[in-house]
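I have placed the structure first, in the form of structure tokens, so that the comments after it can refer back to it.
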Amino acid sequence: MAGDALAHVEPALQSGPAVARRPVPKRTLNIGRALWWFVRRKPIGAASGLIVVAMLVMTVFAERIAPYSYDEAVRGARMKPPGAAHWLGTDNLSRDIWSRVVFGARVSVTVGFATIFLGTVVATALGVSSGYFGGKYDLVVQRIVDAWMSFPYLVIILSVMAVLGPGLLNVILSLSIIVAATGSRVIRGATIAVAQHAYVEGARAMGCGHTRIVIRHILPNVTATIIILATIGLGGVILAESALSFLGFGVPPPYPSWGSMLSGSGRTYMYRAPWMAVWPGVAISLAVFAFNMLGDALRDVLDPRLRGA
């Protein structure tokens, strides 16, 4: 009996006096509330986000959304105006323009995101390393960037495309050079501002290496700047790709591109069938507007200095 009593008493003595503990609330991200806040605060940015999502859906499910293939000629439907059978009309080769606009979104989105990804990676590597290390390395890198940015962008792109030739991959590579050069300057400035904070100096005093400081302290604090640059840059890249396709340096036919639809039959039959040039132009304008407005809204949300704006 005594042993049983001690068995019950010992755990209580070891555990000490009972202390009332408040349950710690778990912080869960309410996506719906965050989206509703974004819609109320930035309605234009939210509408632009819907356009961007629609473009992504068109890119992924182009075969299911488009009623015809991009090079399929509809019998007896040459240069038909917009109507119930063909929402945006047909072109001089009896091809459905709505289907070609949908497949053209795949080209624009692919070029835009691939270019921004490649250019942003190079810009981040150059900007962060240049701003963090400084010294002669920073001087050499920035003089090269200055020399590169002194030339008109279109001249650089056309020169690269003249050497590489037309094609989707060559367009991405040529545009990535411009994105990397312009983005590295902005990322360098953000890196210099972050590197001057006390916690970075404290990390150095504790013996942290350069790699750990860059990964743990520099990159997380310049991520917002990188996201804003990438989002805003998408509109410019899509516009540049359309200009290259208009000049004949983009994706070769018969695959549709919004710029090539404007330069080819759209320009030739502009007065006889204006819808052939209007709808590709509307698509380019909507895409550029959506990415620019979405990037501007994200800048206001992610930048602490602009959250009250």
Side-chain angles (χ1 to χ4, degrees), residues 51-63 70-71 100-128 144-145 147-149 151-187 225-264 280-281 283-292 294-295:
I51 298 176
V52 172
V53 171
M55 288 185 61
L56 295 176
V57 172
M58 291 168 62
T59 301
V60 177
F61 302 102
E63 288 81 2
Y70 60 87
D71 59 348
R100 291 180 61 79
V101 168
V102 170
F103 280 97
R106 174 173 291 180
V107 175
S108 297
V109 171
T110 301
V111 171
F113 278 89
T115 300
I116 289 298
F117 175 77
L118 182 59
T120 302
V121 169
V122 177
T124 302
L126 291 176
V128 171
I144 295 175
V145 172
W148 195 261
M149 293 177 63
F151 294 96
Y153 296 154
L154 189 59
V155 173
I156 297 176
I157 296 173
L158 291 179
S159 300
V160 175
M161 292 300 299
V163 175
L164 299 178
L168 183 63
L169 180 60
N170 296 337
V171 171
I172 294 173
L173 291 176
S174 62
L175 294 177
S176 299
I177 298 174
I178 304 300
V179 173
T182 55
S184 64
R185 179 62 59 84
V186 180
I187 296 174
T225 303
I226 295 172
I227 293 174
I228 294 168
L229 282 176
T231 308
I232 295 178
L234 279 167
V237 169
I238 291 176
L239 187 61
E241 184 274 329
S242 300
L244 288 176
S245 298
F246 184 86
L247 297 174
F249 291 97
V251 180
Y255 206 87
S257 174
W258 294 339
S260 61
M261 292 172 67
L262 281 172
S263 66
I284 295 172
S285 301
L286 277 178
V288 175
F289 171 81
F291 281 113
N292 284 339
L294 180 60

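Quick note: residue numbers are just sequence positions, from 1.
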[X] side, atom [atom1]; [Y] side, atom [atom2] - distance, nearest 0.5 Å:
X    : Y    : atom1 : atom2 : result
W258 : I238 : CH2   : CD1   : 6.5 Å
T115 : I177 : OG1   : CD1   : 10.5 Å
I172 : L118 : CD1   : CG    : 8.5 Å
T231 : I227 : OG1   : CD1   : 7.0 Å
F289 : L294 : CZ    : CG    : 11.0 Å
L244 : S260 : CG    : OG    : 11.5 Å

| said: Using side-chain heavy atoms (C-beta onward) and a distance below 4.5 Å, is M261 in contact with V101? | reply: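 Yes; the side chains approach each other to less than 4.5 Å.
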| message | Do F291 and V52 have side chains that approach each other closer than 4.5 Å (heavy atoms only, starting at C-beta)? | response |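 They are in contact (side-chain heavy atoms under 4.5 Å apart), so the answer is yes.
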Search all heavy atoms of [X] against all heavy atoms of [Y] and return the closest pair with its distance.
X    : Y    : value
A123 : G183 : CB-C, 3.8 Å
V237 : G112 : CG1-CA, 3.7 Å
S263 : S245 : OG-O, 3.8 Å
V171 : E241 : CG1-CG, 4.2 Å
M161 : F249 : CE-O, 2.9 Å
V107 : P256 : CG2-O, 3.3 Å

Does [X] reach the main-chain N or O of [Y] with its side chain, forming a donor-acceptor pair under 3.5 Å?
X    : Y    : result
S174 : N170 : yes
S108 : A105 : no
T120 : F117 : no

| request: Could you walk me through whether Y255 and L168 pass side-chain contact (heavy atoms from CB on, under 4.5 Å), step by step? | output: CA-CA 11 Å; Y255 206 87; L168 183 63; over 6 Å; no
| message | Show, in sequence, the C-alpha distance, side-chain angles and deciding distance for F113 and L56, and conclude whether the side-chain contact (heavy atoms from CB on, under 4.5 Å) test is met. | response | CA-CA 11 Å; F113 278 89; L56 295 176; 3.8 Å; yes
| task | Check step by step if side-chain contact (heavy atoms from CB on, under 4.5 Å) holds for Y70 and R106. | result | CA-CA 11 Å; Y70 60 87; R106 174 173 291 180; over 6 Å; no
| message | Walk me through whether V186 and T225 qualify under side-chain contact (heavy atoms from CB on, under 4.5 Å). | response | CA-CA 8 Å; V186 180; T225 303; 3.9 Å; yes
| query | How would you list, by chain and number, every residue that makes a side chain to side chain donor-acceptor pair (under 3.5 Å) with S184, sequence neighbours excluded? | reply |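 Applying side chain to side chain donor-acceptor pair (under 3.5 Å) to S184 gives none.
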